[in-house]
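Below: one structure, written as structure tokens.
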Amino acid sequence: MSAIRTRFAPSPTGYMHIGGMRTALFNWLFARHHGGRFVLRIDDTDRERNVESALAPILDAFRWLELDWDEGPEVGGTCGPYFQSQRGALYTEAVQRLLAEGKAYRCFETPEQIRAARDEAEADGRTFLGTRRSLEIDDDRIAEWLEAGQPHVVRFLVPRDRSVVIDDVVRGRVEWDGGLIPDPVILRGDGSPLYNFATVVDDAGMEISHVIRAEEHLSNTPVQVLLHEALGHVLPTFAHVPYVAAPGTQEKLSKRKLEKYRNNPQFRRLFESADAVLPRIGRGGDGRPDPVMVEYYDVMGYLPEAVFNALARLGWSLDDRTEIMSRETITEAFTLERVVKSPAGLDIDKLASLQAHWMTQRPADERLERCLGYLGDAGLVEDVADPSVRDFVGRLVVAMGERLKVYSDVLEFDEFFVADDVMVFDERAVKKRLRKEGVPELLAAFRECLAAAERFDAGELEILMKGWVEERDLKIGQIIHAVRVAVTGKSSGIGMFECLELLGPESVLARIDRALLLCGSIGGSATVADPS
RNA sequence: GCCCCCUUCGUCUAGUGGCCUAGGAUGCAGGAUUCUCAGUCCUGAGACAGGGGUUCAAAUCCCCUAGGGGGUACCA
């Protein structure tokens, strides 16, 4: 039994598509599960410009998800080269063989002639198979034309008298009638190979045992099977996995429909967080990551283990109840038999819930480092190496607890990093919690209590406030919300006493004074929620 | 037009003829806890696309219809 070898063949497009990543993941999982090898082959035919810079983000995405490749760019291997642009000789050699054996032919018809014939067939309601007129040209004539540099393509001569059957691991038996397959062009006029042909030569040359790819390639399969047979290759096993669809739809997720996705209920939230975060960390301009790109999730502070888990669960399941799985669990359990047949919409809600879980598993020091990174990029802290900064952010991150879902969430707590006199009050919060009958008076009174506090730590302050409300026969809810809004400008957030401790007495008193001013000013809403 | 694939709660899925009055998760709604939010716990609503067969028995097998998708290139 031959070794398990799978491959993924990305085009250097400048970004890694999240759906493509899922297909790559399945290839990687299958190889790792069986102790086989995973090959990365770069499909860079017809785009020699800037392959390197267009490939980098793709390799970065693989590294981010920790999908290592055994052969391919950077690591090489025994079946190289791994860039299709460097495999020209292999393709021409294969074409020569087919030509010599009469399994392919030179076609001298012009694109215009072909199109005319196709239109005519369509008008008659016939299936267009091509004319094969070039087959009737005699050898001397062909030699003559070749000599004269007559433009032509090479077509594969499809055996029309048979059917093609594959036993697809995911879809089962699929059959096509060879009599309905037009002769495909395998070599362009300029001598470059077409995808369908290059894939066959490369899959065989790289000894790929299992071709695991998205289902949009299912219709290419009969031609590829025929080509493999014509070239005398051992057929790989095919597994056509469903493509990844836009959230809540069955439409293939496509970068071209990005603007439309802004109105997709699930996607909208991702776009909105991106709008809130990316400009602040200097990624809002050209090349801004969007949710179709793997890079989006990295840049926004998702965890690779969460994306890995979510992607694996898209079109695959372990059993009837397991959702949270480590990469080891998934690798151990992964089989193609448990891949579903129907397209699956990217499940943003599930990703969010998986992300929340995996975030709880990250150690405190990592959480601190990553949050510091965002705060630094956003200019909210000057020096991320400063010990006092690190101590402060460390305490904030602990106080955030499970409110920190993705690392960029820390930016929502900017009230802890801005000067007291520019902190923004949320208008609705002010209206609901501060500008209420009797509240300013209570706040003013409690301010004096705070001013007299000896120790400014959360525990002490809680005792202080509880004692204070008890004396006055109040409930804690009557004052605590007002204080929260006064010192943070917001109606929700981390524990209120932690807020006070983190800010310290000076800021707390200054902010309460500002809030009191705000309450006193009639129609003072103009000074509220006016960021600048 | 032709070829191929797909169709279970809003979503991701379990289900390979009886264990299905269809299970889990997520989302949603209600409740409990709490200073808010988040979290946690409890409760609830929520699906076999439609129609014919086959069978004692069908979400599961067959046929038809409908819907969705992919392909039909000197794209990948």
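Small disclaimer: the values here were computed from a predicted structure and weren't measured. Labels below follow one simple rule: chain letters A, B, ... track the order of the sequence lines, proteins then strands, and each chain is numbered from 1.
Judged by Watson-Crick or G-U wobble contacts below 3.5 Å, the nucleotide B:G67 has B:C6 as its partner. Both distances falling under 3.5 Å, in either a Watson-Crick or a G-U wobble arrangement, occur for no nucleotide opposite B:G46. Under the Watson-Crick and G-U wobble criteria, each requiring two contacts below 3.5 Å, nucleotide B:U40 is paired to B:A32. Base-pair partner of B:G1: B:U72 (Watson-Crick or G-U wobble, both distances under 3.5 Å). The partner of B:A58, taking Watson-Crick or G-U wobble pairs whose two distances both stay under 3.5 Å, does not exist in any strand shown. Shown here, B:G27 forms no base pair; nothing in the strands shown gives a Watson-Crick or G-U wobble contact with both key distances under 3.5 Å.
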Does A:W316 form a ring pair (Phe, Tyr, Trp, His ring centres under 6.0 Å) with A:F26? I'd like the steps, not just the answer. CA-CA 9 Å; A:W316 176 84; A:F26 281 8; 7.6 Å; no
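Remark: the A:R188 side chain and the A:S192 side chain contain an N/O donor-acceptor pair separated by less than 3.5 Å. Looking at A:H217 and A:T199, their side chains never bring a donor and an acceptor atom within 3.5 Å of each other.
To the nearest angstrom, P of B:U26 lies 13 Å from CZ of A:R321. In this structure, A:K475 atom NZ and B:U36 atom P are separated by 13 Å, rounded to whole Å. Distance, A:E498 CD to B:C37 C1': 13 Å, rounded to whole Å. Look at NE2 on A:H481: it is 10 Å from C1' on B:U34, rounded to the nearest Å. A:Q355 places its CD atom 13 Å from the P atom of B:G39, with the value rounded to the nearest Å. Distance, A:E402 CD to B:C41 P: 10 Å, rounded to whole Å. When the C1' atom of B:C75 is taken as reference, atom NE2 of A:H217 falls 11 Å away, rounded to whole Å. The interatomic distance linking A:F156 (CZ) with B:C74 (C1') rounds to 17 Å, in whole Å.
Here A:R484 does not reach the OP1 or OP2 of B:C37: none of its side-chain N or O atoms lies under 4.0 Å away. The side chain of A:R118 contributes an N or O atom lying less than 4.0 Å from OP1 or OP2 of B:A73.
Separating the P atom of B:G68 from that of B:C63 is a span of 22 Å, rounded to the nearest Å. B:C62 and B:G17: their C1' atoms are spaced 14 Å apart (whole Å). With P as the reference atom, B:G52 and B:A58 are 13 Å apart, rounded to whole Å. Across B:U8 and B:A49, the matching P atoms stand 6 Å from one another, rounded to whole Å. Across B:G23 and B:U36, the matching C1' atoms stand 37 Å from one another, rounded to whole Å. The separation of B:U13 from B:G71, taken at their C1' atoms, amounts to 28 Å, rounded to a whole angstrom. Nucleotides B:A66 and B:G18, compared at atom P, are 32 Å apart to the nearest Å. Here the separation of B:G67 from B:G50, taken at their C1' atoms, is 10 Å to the nearest Å.
Between A:H17 and A:Y243, the ring center distance fails the sub-6.0 Å criterion.
Here the CD1 atom belonging to A:I494 is positioned 10.0 Å from the CZ atom belonging to A:R395, to the nearest 0.5 angstrom. One distance of note links CD1 of A:I114 with OG1 of A:T131; it measures 5.5 Å at 0.5 Å rounding.
With A:V170 as reference, A:V241 is the one residue of A:I212, A:V241, A:L218 to meet the side chain to side chain contact (heavy atoms under 4.5 Å, CB included) rule.
Nearer the 5' end of RNA chain B, as judged by each residue's closest nucleotide, is the contact made by A:T322, out of A:I480 and A:T322.
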Quick one: what's the B/S/- string for nucleotides 4-13 of chain B, heavy-atom cutoff under 4.0 Å, read 5' to 3'? SSSS---BBS
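Looking at heavy atoms from C-beta onward, A:L98 lies in side-chain contact with A:L227 at the 4.5 angstrom threshold.
Listed candidates were B:C35, B:C3, B:G39. Nearest to the side chain of A:F497 is B:C35.
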